Amino acid sequence: MLVAVLTYVGYGVLTLFGYLRDFMRQWKIEKCQNATEREEQKDFVPLYQDFENFYTRNLYMRIRDSWNRPICSVPGAKVDMMERVSHDYNWTFTYTGRVIKDIINMGSYNYLGFAQKAGTCQEAAAKVLSQYGAGVCSTRQEMGNLDKHEELEKLVARFLGVESAMAYGMGFATNSMNIPALVGKGCLILSDELNHASLVLGARLSGATIRIFKHNNMQSLEKLLKDAIVHGQPRTRRPWKKILILVEGIYSMEGSIVRLPEVIALKKKYKSYLYLDEAHSIGALGPSGRGVVDYFGLNPEDVDIMMGTFTKSFGAAGGYIGGKKELIDYLRTYSHSAVYATSMSPPVVEQIITSVKCIMGEDGTTVVHVVTKNERKRDIFPVILLKFQWEWTPVSEGKARVQQLAENTRYFRRRLKEMGFIIYGNEDSPVVPLMLYMPAKIGAFGREMLKRNIGVVVVGFPATPIIESRARFCLSAAHTKEMLDRVSVSSGLSFAHAFYKQIQQLFFCRLVQCLVHKLLNLMFKVL
């Protein structure tokens, strides 16, 4: 309760000074740099609403330097970042020409470490680039259907354990353009309250009725299912044409894993359909990296529509939908992203093919997962480095990456908990939200981490609830134990500095309150 009160006080201080700065801009005391209407258009319907942009002008701009940081290297375990400075409170930035080297990357979704500039994937993509070129310049239904596209879809279907699959050039559009093809007017969508924006947009574009259930709350979901079946459609009371449940494998802001066995049980009980978004879980969960279905040991046939992206664990771009052959054949004809979108770039397709084969152990690579008898610490070593005092098991490179990610996840979460941090999410989720709560900590934490050569994503309202600002760490198989130790220690130091900033803000708030109180008393005495 105290944290919530202090957080609201912090936002109150920022809002108060926001109105003060707007007053100063209105009277030309402070330069106004936000988008405004031209004088000759003052009688038109306004294109820019000043009040609607209040949060952007006065709260977001103060910490805008924490986002959109330009990197100039492969987004691997470490990145290089272009240094920039602002002389007008983050309204504009100037590049200094200096490059900050070897920043530990805790923000990219490079779960299995396939984002790399050397190795099997890079060599295969470069070879395909020289043969096919960079682009296709056509849709799949016209002159853009390559043999590589069909090879990819067959491989993905086999990887997921489904009858058929279809690949798309953009992960966001895979959701937003395919959901309207599956449901429409007279259908009901039951969506988790923390679903991604692409799922929300797709649901809204479909024209179906949308109802929201509490995050990962099976009682809330079952209640909505019961009501939908008992009452039917509003006014007419006719049965719904379809009931579609939308969930994610791993929720990217919470780090929580969907309670899939229970969702499937409810789906079967009430004869509805299930749409599973595995954007963050495919490759990152399960003994063989096949996502949340593999994690729980479930049958892929129990999920009607399996969706995922290639932008994270596979180090590429695009998305896919897997399921029964009838479903995929239908989407090939009726999905807007299939009919009108340009085909996937051949080098990107080859990157995905190579990484999927690596995870499945079909690329011929073999490494050794080693456990030293003395320290019992695990790592990945080439076969040629083996010594007799090590216990070892030969595995494919892809499986070794999956195992390393799981170990990194558990180790890093344990370290943060030992340091006393409040973190959200499941123990096996590579998305680790560290709670900051107070608004002053958002920018301070991100800046302090960057000073220590660590790149981390900080998140606040409206991406999260207003009192639950956080820093989000995304773990990778490419991270070493030394990197994770350094990040955890730096997090403690940065958090302490951010807390000091918050205390300063609250002290200043109390100081302003006292000054205003004395000023009012003086005015009353004069009157």
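These figures come from a predicted structure and were not determined experimentally. Only this structure's heavy atoms are used, side chains among them; waters, hydrogens and symmetry mates stay out.
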Using 4.0 Å as the upper bound for N to carboxylate O, is an ion pair formed by [Y] and [X]?
X: E350; Y: K127; result: no
X: D302; Y: K268; result: yes
X: E427; Y: R413; result: no
X: E151; Y: K357; result: yes

message = Quiz question: by atom type and distance under 3.5 Å, do the side chains of E123 and T120 form a donor-acceptor pair?
response = no
Considering all heavy atoms, the nearest G249-L276 contact |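 Minimum heavy-atom separation between G249 and L276: N-CD1, 3.9 Å.
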Can you find a pair of side-chain heavy atoms, one from [X] and one from [Y], that are under 4.5 Å apart?
X: F93; Y: R64; result: yes
X: V458; Y: W67; result: yes
X: V258; Y: N216; result: yes
X: R211; Y: L188; result: yes
X: L155; Y: I353; result: yes
X: W91; Y: M61; result: yes
X: L182; Y: L327; result: yes

query: Is the NZ or CZ atom of R401 both under 6.0 Å from the centre of the six-membered ring of F114 and within 45° of that ring's axis?
result: yes
* Asked: Between Y320 and F310, is the ring centre distance below 6.0 Å?
  -> yes
Exercise. Quick check, are the ring centers of Y11 and F461 under 6.0 angstrom apart?
Worked result: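 Centroid distance Y11-F461: not below 6.0 Å, so no.
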### Message
Checking T236 against R238 for the side-chain hydrogen bond (donor to acceptor under 3.5 Å, both in side chains) test, could you report, in this order, the C-alpha distance in whole Å, the side-chain angles of both residues, the deciding distance, and whether it holds?
### Response
CA-CA 5 Å; T236 64; R238 292 177 181 174; 4.7 Å; no
### Message
salt bridge (charged side-chain N to carboxylate O under 4.0 Å, His left out) for R470 and E254? Distances and angles first, verdict last.
### Response
CA-CA 10 Å; R470 64 198 67 181; E254 303 298 314; 3.0 Å; yes
For this session: Applying side-chain hydrogen bond (donor to acceptor under 3.5 Å, both in side chains) between Y168 and each of T174, N178, N175, report the one that passes.
Result: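 The passing option is N178.
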*asked:* Taking CZ in R237 as the centre, count heavy atoms belonging to other residues, nucleotides or ligands within less than 6.0 Å. Is the count above 12?
replied: yes
If you count heavy atoms of other groups shown closer than 6.0 angstrom to NZ of K148, is the number above 12? yes
- request: Could you walk me through whether Y295 and D428 pass the side-chain hydrogen bond (donor to acceptor under 3.5 Å, both in side chains) test, one step at a time?
  value: CA-CA 10 Å; Y295 177 77; D428 295 317; 2.7 Å; yes
- Task: Test salt bridge (charged side-chain N to carboxylate O under 4.0 Å, His left out) on R332 and E153 and set out the steps.
- Result: CA-CA 12 Å; R332 290 187 195 279; E153 291 175 346; 3.1 Å; yes
